[in-house]
Number of protein chains: 2
Amino acid sequence: MLGSGNVATHLGAALANAGHRIVQVYSRTADHARTLAEALDAQAISHLGDLNPKADVFILAISDDAIASVAGQLPLHLNGIVVHTSGSTSIDVLQSHARYGVFYPLQTFSKGKTVDFASIPLALEAGDAPSMAQLESMARSISGVVFPCDSVQRLSLHVAAVFACNFTNHLYAVAADLLQRNGLSFDLIKPLVTETAQKVMALPPAEAQTGPAIRGDQITMEKHLEFLHGEAELQQLYALLSTAVQHAKRSGNNA
Amino acid sequence: MLGSGNVATHLGAALANAGHRIVQVYSRTADHARTLAEALDAQAISHLGDLNPKADVFILAISDDAIASVAGQLPLHLNGIVVHTSGSTSIDVLQSHARYGVFYPLQTFSKGKTVDFASIPLALEAGDAPSMAQLESMARSISGVVFPCDSVQRLSLHVAAVFACNFTNHLYAVAADLLQRNGLSFDLIKPLVTETAQKVMALPPAEAQTGPAIRGDQITMEKHLEFLHGEAELQQLYALLSTAVQHAKRSGNNA
């Protein structure tokens, strides 16, 4: 396991729990390597020269901009498969290796909050069929949702996740801040947050759309923009998102 | 009950289930009045002249722009309380009546999907203390979350709800559309939608923020913007939301 951040931690734990042996944990920062290695009953290394070349899989669970560099420092002609776990990085950055692939878990990981890996979709890609089969077997040992996904599809998945997860969370933060500044608790809006997420489990989001924008309720939208006076960024967000809702309605598609 | 839309339907059912008697259902469209009146065991009327003036409460569960007009057509000097159910309409539009107030359920209602009213926050406002007490008693009979809320606070609640619910749902729709166009199912992203909503039940949204924007991962953001080439509105949304996430981080507050 190369890396010691959230993905390395959660993925490492899931693999170890499924009976895989984590041989080594690599991190440039020796302390980080040691902490995760202890949790995974593995050897900690902080120099790539100490890498055990006999592992079956070399998982680069590191930041996107480090993948090419770390992959370039691994010995060529490894028998194991070199994989990264990134949504937005093409498989091609690994193609100097004999066997390579991608093992992308589509979930938001936070330190200290355990996630049930069994329901996390794992998007797989590989340079050859035997590597794909091997990655698939490893993936199925920890998740019930495993699917092949080329680099363009994976990028679309990552962009979609940024909209549906990261940006959505920011909208929660906007709501929390508005309420706090008006002496109200974010708790008040929690049932609505839950209901909004639950609705799209059963209904396509485009059909679940409600609110002033989809109703074309110009008076309410103007009241809201006026309420946000002096807050240019929030006004801009409100206007752009309202327009987007109305465009999606007109075009009759999902976006 | 004046109105026959989603709020009238769900609120009417909750009140009837709690043992309140719905005397009449008014809608300009006789068919709509009849349908809801039958469900609520009430009399259907489609002319305000037929209004029974003896009701305890007159609930204007109608579109915002109709409230002032319908309220103006009600007899003055009613003994009952005239209330509206709007988030963005000031209590002042009802002040020509002897007793008036606001009964605002903070939830997204869809036809055909029942909602458990017990957990829906009800924001109350009234022109005088006895009316407030009466509305509070009615509210507590159907919900466990009842709180006083002036018109400015209620507007902030409504704006916050638009961000955390309506706009969030649109971001789900954007994600669904991106995935569909790349041959992937929205199902893949559902665990992430659920996890993102569940996270903020326990953690302030600002602390739950993840993704390329909060990490300052410029390379990934550029890849994503390039992926969205030719889609000006999505690019604009992506850029604006990413900037907002970064501003929120810098200012250290929730928005």
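Below, chain A is the first sequence line, B the second, and so on; all start at residue 1.
Contact annotation for A:F186: only side-chain heavy atoms (C-beta onward) come within less than 4.5 Å of a heavy atom of chain B. For A:S86, no part lies near chain B; criterion is any non-hydrogen pair under 4.5 Å. The part of A:L228 that comes within reach of chain B is its side chain, from C-beta onward, which places non-hydrogen atoms under 4.5 angstrom from that chain. Of the two parts of B:F147, only the side chain, counted from C-beta on, holds a non-hydrogen atom closer than 4.5 Å to a non-hydrogen atom of chain A. Proximity to chain B involves both the backbone and the side chain of A:V200, based on heavy atoms less than 4.5 angstrom apart. B:V145 touches chain A through its side chain: at least one heavy atom from C-beta onward sits under 4.5 Å away, while N, CA, C and O do not. Looking at A:S242, both its backbone and its side chain come within 4.5 Å of chain B, counting heavy atoms on both sides.
Between B:I214 and A:H170 there is no side-chain heavy-atom pair separated by less than 4.5 Å. A:S156 has its side chain out of reach of B:R181: every pair of non-hydrogen atoms, C-beta onward, lies at least 4.5 Å apart. Annotation: side chain of A:K223 is in contact with side chain of B:T89 (closest heavy-atom distance under 4.5 Å).
Contacts with chain A were tallied for B:D150, B:L188, B:L237, B:D65; B:L188 has the most, counting heavy-atom pairs under 4.5 Å. If you tally non-hydrogen atom pairs under 4.5 Å between each of B:A202, B:S119, B:A161 and chain A, the highest count goes to B:A161. Options B:P121, B:C149, B:G87 differ in how many heavy-atom pairs under 4.5 Å they form with chain A, and the most are formed by B:P121. Put simply, of A:G183, A:A213, A:C165, A:G211, the one with the most heavy-atom pairs under 4.5 Å next to chain B is A:C165. Taking chain B as the reference chain and counting heavy-atom pairs below 4.5 Å, the highest number among A:D217, A:I219, A:L155 is found for A:L155. No other option in A:D187, A:D116, A:L184 has as many heavy-atom pairs under 4.5 Å with chain B as A:L184. Ranked by heavy-atom pairs under 4.5 Å with chain B, the first of A:Q107, A:R215, A:Q236 is A:Q107. When the candidates A:A197, A:A123, A:P212 are compared by the number of heavy-atom contacts under 4.5 Å with chain B, A:A197 comes out ahead.
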* Do B:T194 and A:Q198 pass the side chain to side chain contact (heavy atoms under 4.5 Å, CB included) test, and can you show the C-alpha distance, the side-chain angles, and the key distance before you say yes or no? -> CA-CA 7 Å; B:T194 302; A:Q198 276 176 358; over 6 Å; no
* For B:T168 and A:F167, what are the C-alpha separation, side-chain angles and deciding distance, and is it a side chain to side chain contact (heavy atoms under 4.5 Å, CB included)? -> CA-CA 8 Å; B:T168 284; A:F167 291 162; over 6 Å; no
* Show the numbers, then the answer: is there a side chain to side chain contact (heavy atoms under 4.5 Å, CB included) between A:Y172 and B:T196? => CA-CA 10 Å; A:Y172 299 156; B:T196 303; 4.0 Å; yes
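Between B:P205 and A:A176, the shortest heavy-atom distance links the atoms CG-CB, 4.1 Å. Considering all non-hydrogen atoms of both residues, B:F227 and A:V152 come closest at CE1-O, 4.0 Å.
For the residue pair B:Q153/A:N182, the side-chain donor-acceptor check at 3.5 Å is not satisfied. Checked by atom type, the side-chain pair B:D64/A:T220 shows a donor-acceptor distance below 3.5 Å.
When each of B:K199, B:Q209, B:E207 is checked for a side chain to side chain contact (heavy atoms under 4.5 Å, CB included) with A:N169, only B:Q209 meets the rule. Tested against B:L178 for a side chain to side chain contact (heavy atoms under 4.5 Å, CB included), the candidates A:L157, A:V159, A:V162 yield a single pass: A:V159. When each of B:L241, B:T210, B:L171 is tested with A:N166 by the rule side chain to side chain contact (heavy atoms under 4.5 Å, CB included), just one qualifies, namely B:T210.
With rounding to the nearest 0.5 Å, the separation of NE2 in A:H224 from NE2 in B:H158 is 4.5 Å.
Residue B:Q73 places its CD atom among more than 12 non-hydrogen atoms of other residues, nucleotides or ligands, all under 6.0 Å distant.
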